[in-house]
Amino acid sequence: MAQLPIRIYGDPCLREKSRPIETIDDDVRQLVRDMAETLYADRGVGLAAPQVGRNVRLFVSDVDWVEDEGGKDRGVRNLKVHINPELIWESPDDESHAEGCLSLPEIEGDVFRSCSVKVRYQDETGAVRERRAEGLEARCIQHEIDHLDGVLFVDRMPFVKRRLLAGKLREIKKRSALVAT
């Protein structure tokens with residue numbers, strides 16, 4: 001397994017619509033393992049393939065994983081793999097909650113999302129699954145599917161709030177361009 005570098009705001013990969021995965025093979029399963037390692041190392045709850053430079057419809061998540069106060073992994077992991085995910089139902093009830101993103105370091109903002117969703121996806125064996133998620137898990141699924149469509153959480157924020165973040169976003173984009181060169 002290998003920890004993968006996270007693409008940062010300004011990287012064009014984050015704005016591309018991802019293509020479906022046609023065949024779930026050893027390369028895809030290796031990408032899943034590498035993304036899982038990256039997710040845990042960077043202390044995220046979700047990670048989409050475009051965030052590591054791969055524009056394919058895949059994300060991993062673990063909203064149950066916790067560390068102790070010293071930053072030590074307590075080994076409570078519940079990794080979920082979503083290949084070719086699609087939302088097939090969203091509750092009409094929504095709520096605003098603060099979100100952040102590994103690709104937008106130091107940025108946080110309130111975003112309205114459905115309180116519960118139903119998602120259809122393939123697991124790493126290729127089996128088609130459906131399940132309903134609520135709360136943080138529903139929010140995470142919506143956030144990661146947005147990544148697969150080239151949408152970032154700041155795009156879902158009200159214009160006024162985005163405007164207030166414009167300076168920080170420009171700075172992140174500038175740092176991202178320096179890293180890419």
Side-chain angles (χ1 to χ4, degrees), residues 1-18 21 28 30-69 71-74 76-83 85 87 96-113 117 119 121 124 133 135-157 161-162 164-181:
M1 291 194 302
Q3 187 175 342
L4 303 170
I6 300 285
R7 301 294 177 101
I8 302 300
Y9 180 78
D11 189 309
C13 190
L14 296 173
R15 292 301 192 172
E16 294 175 23
K17 188 166 174 81
S18 296
I21 293 176
V28 171
Q30 183 63 52
L31 178 58
V32 166
R33 288 190 295 273
D34 292 345
M35 287 176 61
E37 182 173 330
T38 305
L39 174 75
Y40 293 121
D42 288 333
R43 296 176 173 84
V45 295
L47 183 66
Q51 292 180 272
V52 295
R54 300 283 301 271
N55 283 108
V56 294
R57 296 193 74 78
L58 162 66
F59 74 86
V60 296
S61 63
D62 188 343
V63 300
D64 300 320
W65 177 67
V66 291
E67 293 179 330
D68 64 19
E69 291 174 8
K72 185 175 182 223
D73 183 350
R74 293 187 358 207
V76 182
R77 292 186 176 183
N78 186 19
L79 185 74
K80 293 193 171 74
V81 177
H82 297 80
I83 299 171
L87 289 177
S96 178
H97 197 278
E99 289 188 21
C101 181
L102 294 173
S103 292
L104 289 147
E106 303 168 26
I107 300 287
E108 188 175 285
D110 289 337
V111 176
F112 274 94
R113 298 219 188 250
V117 297
V119 62
Y121 61 98
E124 58 272 31
L136 177 59
E137 186 176 24
R139 179 168 293 279
C140 180
I141 288 168
Q142 293 169 85
H143 179 110
E144 301 310 329
I145 288 176
D146 272 355
H147 272 299
L148 303 181
D149 293 329
V151 176
L152 301 174
F153 84 92
V154 291
D155 301 333
R156 299 228 180 252
M157 294 172 63
K161 301 276 185 167
R162 281 194 320 247
L164 291 173
L165 292 173
K168 280 185 173 181
L169 292 170
R170 273 193 302 276
E171 183 60 35
I172 292 169
K173 198 174 197 176
K174 191 186 317 180
R175 286 193 314 243
S176 175
L178 291 174
V179 170
T181 57

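FYI, side chains are in, hydrogens and waters are out, and symmetry mates aren't considered; it's all heavy atoms of this structure.
Partners of Arg15 according to the salt bridge (Lys or Arg N to Asp or Glu O under 4.0 Å) rule, which considers only residues two or more places apart in sequence or in another chain, are Asp155. Under the side-chain hydrogen bond (donor to acceptor under 3.5 Å, both in side chains) criterion, Arg156 pairs with Asp146, not counting sequence neighbours. Every residue meeting the side-chain hydrogen bond (donor to acceptor under 3.5 Å, both in side chains) condition with Gln30, not counting sequence neighbours, appears here in chain and number order: Arg33, Asp34. Residues meeting the side-chain hydrogen bond (donor to acceptor under 3.5 Å, both in side chains) test with Ser103, sequence neighbours left out: Gln51. Residues satisfying the side-chain hydrogen bond (donor to acceptor under 3.5 Å, both in side chains) test with Asn55, not counting sequence neighbours, are none. Partners of Lys161 by salt bridge (Lys or Arg N to Asp or Glu O under 4.0 Å), not counting sequence neighbours: none found.
Within the 4.5 Å cutoff, no side-chain heavy atoms of Val111 are placed close to those of His143. With a 4.5 Å cut-off on side-chain heavy atoms, Pro85 and Ile141 do not count as touching. By the 4.5 Å heavy-atom criterion applied to side chains, Ile83 and Val56 are not counted as neighbours. Side-chain contact between Leu47 and Ile6 is present, with heavy atoms from C-beta onward closer than 4.5 Å. Contact check for Glu99 versus Arg139: side-chain heavy atoms found under the 4.5 Å cut-off. For the pair Glu124/Val28, no side-chain contact is recorded, criterion being any heavy-atom separation below 4.5 Å from C-beta on. With a 4.5 Å cut-off on side-chain heavy atoms, Lys80 and Glu137 count as touching. In this structure the side chain of Asp42 reaches within 4.5 angstrom of the side chain of Gln3, judged on heavy atoms.
Minimum heavy-atom separation, Glu37 to Ala2: OE1-N, 3.4 Å. Scanning all heavy atoms of the two residues, the minimum distance from Pro105 to Ile172 falls at O-CD1, 3.2 Å. Shortest non-hydrogen contact noted between Pro50 and Leu148 is CD-CD2, 3.7 Å. What you find for Gly46 and Leu39 is that their closest heavy atoms are N-CD1, 3.3 Å. Heavy atoms only, all atoms of each residue included: Lys173 and Gly10 are closest at CG-CA, 3.7 Å. For the residue pair Ala49 and Met35, the shortest heavy atom distance occurs at N-CE, 3.4 Å.
Aromatic ring orientation, Tyr121 versus His82: tilted (interplanar angle from 30° to 60°).
Taking CG of Leu152 as the start and CG of Leu169 as the end, the distance is 9.0 Å to the nearest 0.5 Å. Separation of atoms CG (Leu104) and CD1 (Ile8) is listed at 8.0 Å; rounding is to 0.5 Å. Here the CD-CD1 distance, from Glu171 to Ile107, works out to 10.5 Å after rounding to the nearest 0.5 Å. To the nearest 0.5 Å, atom CZ of residue Arg170 and atom CG of residue Leu165 are 11.0 Å apart. Taking SG from Cys140 and CZ from Phe59, the interatomic distance works out to 6.0 Å, rounded to the nearest 0.5 Å. Distance check: Leu31 CG to Leu58 CG gives 5.5 Å after rounding to the nearest 0.5 Å.
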- [ ] List the steps, then state whether side-chain contact (heavy atoms from CB on, under 4.5 Å) holds for Arg57 with Ile145.
- [x] CA-CA 8 Å; Arg57 296 193 74 78; Ile145 288 176; 4.2 Å; yes
Task: Derivation and outcome, side-chain contact (heavy atoms from CB on, under 4.5 Å), residues Tyr40 and Arg77 - done: CA-CA 9 Å; Tyr40 293 121; Arg77 292 186 176 183; 3.4 Å; yes
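Here the side chain of Glu144 pairs a donor or acceptor atom with the backbone of Ala48 at under 3.5 angstrom. No donor-acceptor distance shorter than 3.5 angstrom exists from the side chain of Asn78 to the backbone of Asp62, with no hydrogens or angles considered. Between the side chain of Asp11 and the main chain of Cys13, a donor-acceptor pair closer than 3.5 Å is present.
Counting heavy atoms of neighbouring residues, nucleotides and ligands inside a 6.0 Å radius, atom CZ of Arg162 exceeds 12 of them. Shown here is Arg113, whose CZ atom has more than 12 heavy atoms of other residues, nucleotides or ligands within 6.0 Å.
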